[in-house]
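We use all heavy atoms of the structure for the numbers below, so side chains are in, but hydrogens, waters and symmetry mates are not.
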Amino acid sequence: MERQRSFSFKPTRLLVFSFTISSSLIFLTFLTIWVTKSTPSIPQETRFPSVAIQTMTGFSGNFSVNALKDSILEGAHLSKPENASGFSGASLTGDLQKKKNESQVAEHEEGANGGLNGNFTSMEKSAPAILFLKIESTEEQNAELNRTGGQNAELNRTGRQNAELNRTGGQNAALKKIEISSDGVVEEKRVRGCDFTRGRWVYDESYPLYTNVSCPLIDEGFNCQGNGRKDKDYMKWRWQPQDCDIPRFNATKMLELMRGKRLVFVGDSINRNQWESMMCMLMSAVRDPTRVYETHRRRITKEKGNYSFKFVDHKCTVEYYASHFLVHEGKARVGQKRVQTLRIDSIDHGSSRWRGADILVFNTAHWWTHYKTKAGINYYQEAGQIHPQLDVSTAFRKALMTWGSWVDKHFNPRKTQVFFRSSAPSHFRGGQWNSGGSCKEATQPLQTSSSSYSEKNTIAEEVIKQMRTPVKFLNITGLSEYRIDGHPSIYGRNSRKSGIQDCSHWCLPGIPDAWNELLFLHLLQ
Ligand SMILES: *[C@@H]1O[C@H](CO)[C@@H](O)[C@H](O)[C@H]1NC(C)=O
Ligand SMILES: *[C@@H]1O[C@H](CO)[C@@H](O)[C@H](O)[C@H]1NC(C)=O
Ligand SMILES: *[C@@H]1O[C@H](CO)[C@@H](O)[C@H](O)[C@H]1NC(C)=O
Ligand SMILES: *[C@@H]1O[C@H](CO)[C@@H](O)[C@H](O)[C@H]1NC(C)=O
Ligand SMILES: *[C@@H]1O[C@H](CO)[C@@H](O)[C@H](O)[C@H]1NC(C)=O
Ligand SMILES: *[C@@H]1O[C@H](CO)[C@@H](O)[C@H](O)[C@H]1NC(C)=O
Ligand SMILES: *[C@@H]1O[C@H](CO)[C@@H](O)[C@H](O)[C@H]1NC(C)=O
Ligand SMILES: *[C@@H]1O[C@H](CO)[C@@H](O)[C@H](O)[C@H]1NC(C)=O
Ligand SMILES: *[C@@H]1O[C@H](CO)[C@@H](O)[C@H](O)[C@H]1NC(C)=O
Ligand SMILES: *[C@@H]1O[C@H](CO)[C@@H](O)[C@H](O)[C@H]1NC(C)=O
Ligand SMILES: *[C@@H]1O[C@H](CO)[C@@H](O)[C@H](O)[C@H]1NC(C)=O
């Protein structure tokens, strides 16, 4: 980088010096905040008297959060996993129970494949924020300076932080200096062409964007706080790309972008994780207690039998469809027996419901690691032929090509935006899913991400490149790899009873919110 080498004349040195001083002060401040922090900063609302929720079955009215939760959950059958059998993937739990054996193997092997399968080493405890603000070299300092404006804005976001800063005296002065020095340099950073995968997690008190109370939709399996998780830091990190800023999620703006449209998530339970996150983030606009008079007429409705929520005032829907493989899970005869097969040449039969969507977010990953898919014996089917044995990578590629041609055939790129989310890492440590593997000890992100980028992601990238439709690859693997602290661990559903930790899914609020901020950013462009 040329401009960084030219960094030698005096004023800039001064700048760097003052920045170094101020970053040390920031460090101290964060340390202070970290040490003295005692109460959650987000006020947790308990009632939203003016939100009307209506289901298609006709009841409507104003509810307390609990009534709201019950009504939504009952409508969606979210809370009745035992009833899930009729609707594939109707609930996370149903999902897991239905194919418990495969699922557990899947989770376990995903963990092993996720690349972070070294044994759990003791997490270094230190001030969380500064680890990711650390400055290594003058080159980086330089870049850092350009970022300071953004940081200041960030710090400004909460009065509490400002007060914190004021308390340590002189801090503000230091910050101000940088504000002034970098004035004119702090322009809007280029977003187009920015590599969002390169960056760091920045501790940000103004997060999360919603709470377990403001969002009654959070599935039990993702509701870590509801299940007793006490630490809160994991909700307060924001992904900061190196070369650009991700705008804070703006639910009002997002709903405007989605007016009259269908946003559809299709994939495994991790996509359901992301869909729920999106719902929660959008509901905050509809249910913002400070804007009650503007918003009290807005409603969200839910259709029975599918996960299609409609934001009435914007005539848009946010939908989720379970599809573990994107291709069709069928049955075929092998000798005397009827066996389960995977039709890698045929799109999931539920696909008719995805058609007509305006924004689609696909994923498939975890289920390709369960023992049947991995062994590939008498499992993969094309037309009438069942492959006696087929290697999982070949099968995965063929399945994605099937998906790709289906997308190319059914969507007009000028009308529909298609995303494919890369695989989300698991973080089992000190064992496997069934041998005491855990992630419970983690309350802070990892300091380094072992960047093992799975073969599945590479295959997905290759398939996407061959498609006619321009598919955006939502590349969240690397950034999520840092976030060992973001899993439900023992605060998932039944985890404590079964003793099996969930180090595959993600707590909400949590990491999928960051994925959705990236999605938001792409939609803004
Ligand atoms: C809901 O609350 C609003 C304002 O508090 C009120 O005007 C409206 O009548 C209520 N609706 C029902 C169905 O109770
Ligand atoms: C399952 O759902 C049906 C109707 O959809 C209902 O009649 C039945 O009671 C439910 N069973 C359980 C165990 O919830
Ligand atoms: C469960 O998974 C193991 C492999 O881990 C396999 O040997 C066994 O047959 C499976 N059991 C059932 C009931 O599918
Ligand atoms: C991880 O721990 C197991 C015992 O729990 C040990 O056998 C294995 O060698 C360890 N692996 C690494 C990479 O340290
Ligand atoms: C800061 O970024 C601008 C472009 O946004 C660039 O022109 C300038 O050289 C950068 N300054 C430093 C000190 O890196
Ligand atoms: C920080 O907030 C103060 C007052 O709230 C404002 O004057 C200042 O411009 C803000 N600075 C930044 C960088 O946003
Ligand atoms: C911080 O201190 C400055 C003056 O030193 C004051 O103007 C400002 O209001 C203070 N901000 C907060 C949030 O206390
Ligand atoms: C929300 O989280 C708090 C802990 O922060 C917990 O006490 C409460 O039960 C949770 N509420 C719900 C509805 O999950
Ligand atoms: C969010 O977007 C709306 C509509 O575009 C805008 O009016 C509002 O100022 C935005 N809010 C923030 C905090 O940027
Ligand atoms: C959701 O289910 C309802 C009722 O079964 C149906 O009318 C509606 O078309 C479905 N929505 C989608 C997007 O499939
Ligand atoms: C996705 O991110 C990883 C790093 O996390 C990187 O190695 C890979 O090249 C990226 N892929 C794309 C298509 O951007």
Side-chain angles (χ1 to χ4, degrees), residues 106 109-110 112-116 191-199 239 241-244 246 264-268 270-271 273-274 323-327 342 344-345 347-348 354 359-369 373-374 380 390-411 413 416-426 449-483 504 511-512 514-523 525:
E109 288 178 350
E110 179 68 21
N113 289 349
L116 286 165
V191 161
R192 251 171 233 279
C194 169
D195 181 0
F196 301 104
T197 66
R198 288 161 55 99
W239 179 249
Q242 190 174 297
D243 303 319
C244 58
I246 301 175
V264 172
F265 291 85
V266 180
D268 59 28
I270 309 280
N271 238 26
N273 224 173
Q274 189 180 354
S323 178
H324 299 134
F325 300 100
L326 303 181
V327 290
L342 194 63
I344 51 180
D345 62 341
I347 193 77
D348 189 315
W354 322 335
I359 305 156
L360 277 152
V361 183
F362 290 99
N363 99 297
T364 180
H366 280 231
W367 292 84
W368 292 91
T369 54
T373 41
K374 201 135 191 224
Y380 298 115
L390 189 66
D391 134 73
V392 64
S393 300
T394 310
F396 182 75
R397 186 184 297 273
K398 286 190 176 203
L400 276 194
M401 306 251 291
T402 300
W403 162 81
S405 4
W406 180 85
V407 167
D408 279 348
K409 189 170 163 202
H410 289 99
F411 293 101
T416 307
Q417 280 172 284
V418 182
F419 295 85
F420 188 94
R421 180 177 55 70
S422 70
S423 68
S426 301
S449 134
S450 80
S451 53
S452 86
Y453 192 60
S454 82
E455 189 194 5
K456 270 180 261 128
N457 281 331
T458 311
I459 293 173
E461 283 182 32
E462 284 164 8
V463 169
I464 285 166
K465 265 190 212 130
Q466 291 166 24
M467 289 170 64
R468 189 174 48 81
T469 314
V471 176
K472 273 259 161 56
F473 190 65
L474 214 52
N475 195 353
I476 55 84
T477 307
L479 64 94
S480 307
E481 261 171 3
Y482 292 102
R483 299 307 307 276
S504 296
I511 283 73
W515 306 346
N516 281 326
E517 283 198 306
L518 273 176
L519 181 64
F520 173 61
L521 172 63
H522 282 298
L523 293 173
Q525 288 170 34

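Q417 approaches L523 most closely through the heavy-atom pair OE1-CD2, 3.4 Å. Pairing each heavy atom of A460 with each of L400, the nearest pair is CA-CD1, 3.6 Å. Closest heavy-atom contact between L518 and L479: CD1-CD2, 3.9 Å. Across all their heavy atoms, C244 and F196 have their closest contact at SG-CE2, 3.6 Å. Scanning both residues, I459 and S393, for their nearest heavy atoms gives CD1-O, 3.8 Å.
Atom CZ in F411 sits 4.0 Å away from atom CH2 in W406 (nearest 0.5 Å). The line from OG of S405 to CD of Q466 is 10.0 Å long, rounded to the nearest 0.5 Å.
No side-chain heavy atom of N363 sits less than 4.5 Å from a side-chain heavy atom of Q274. You'll find the side chain of R421 reaches within 4.5 Å of the side chain of W515, heavy atoms only. For the pair S323 and T364, the minimum side-chain heavy-atom distance is 4.5 Å or more. Between I476 and W239 the shortest side-chain heavy-atom distance does not fall below 4.5 Å. D348 is not listed as a side-chain neighbour of L326, based on a closest heavy-atom distance of 4.5 Å or more. Proximity of T373 to Y380: side-chain heavy atoms (C-beta onward) are separated by under 4.5 Å at one or more points. Counting heavy atoms from C-beta on, the side chains of L342 and W368 come closer than 4.5 Å. Looking only at side-chain heavy atoms (C-beta outward), V471 and W403 come within less than 4.5 Å of each other.
Between the side chains of T477 and N457, at least one donor N or O sits under 3.5 Å from an acceptor N or O. In summary, the side chains of D408 and T469 do present a donor paired with an acceptor at a separation below 3.5 Å, with no hydrogens or angles considered.
Taking the six-membered ring where tryptophan is involved, the planes of H522 and F419 are tilted, since the angle between them lies from 30° to 60°.
Among the candidates T458, L474, N475, T197, the single residue satisfying the side chain to side chain contact (heavy atoms under 4.5 Å, CB included) test with S422 is N475. Of the candidates F473, W354, F265, F362 forms a ring-ring contact (aromatic ring centres under 6.0 Å, His included) with just one, namely W354.
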For this session: Walk me through it: do L360 and V407 pass the test side-chain contact (heavy atoms from CB on, under 4.5 Å)?
Result: CA-CA 10 Å; L360 277 152; V407 167; over 6 Å; no
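Residues meeting the salt bridge (Lys or Arg N to Asp or Glu O under 4.0 Å) test with K398, sequence neighbours left out: E382. In terms of the salt bridge (Lys or Arg N to Asp or Glu O under 4.0 Å) criterion, residue partners of R483 (sequence neighbours excluded) are, by chain and number, D485.
Within the structure, the salt bridge (charged side-chain N to carboxylate O under 4.0 Å, His left out) test picks out the following pairs touching residues 459-479 (sequence neighbours left out): R397-E462.
In this structure a side-chain-to-backbone donor-acceptor pair under 3.5 Å is missing from S504 to S426.
Heavy-atom neighbours of M467 CE from other residues, nucleotides or ligands within 6.0 Å: above the threshold of 12.
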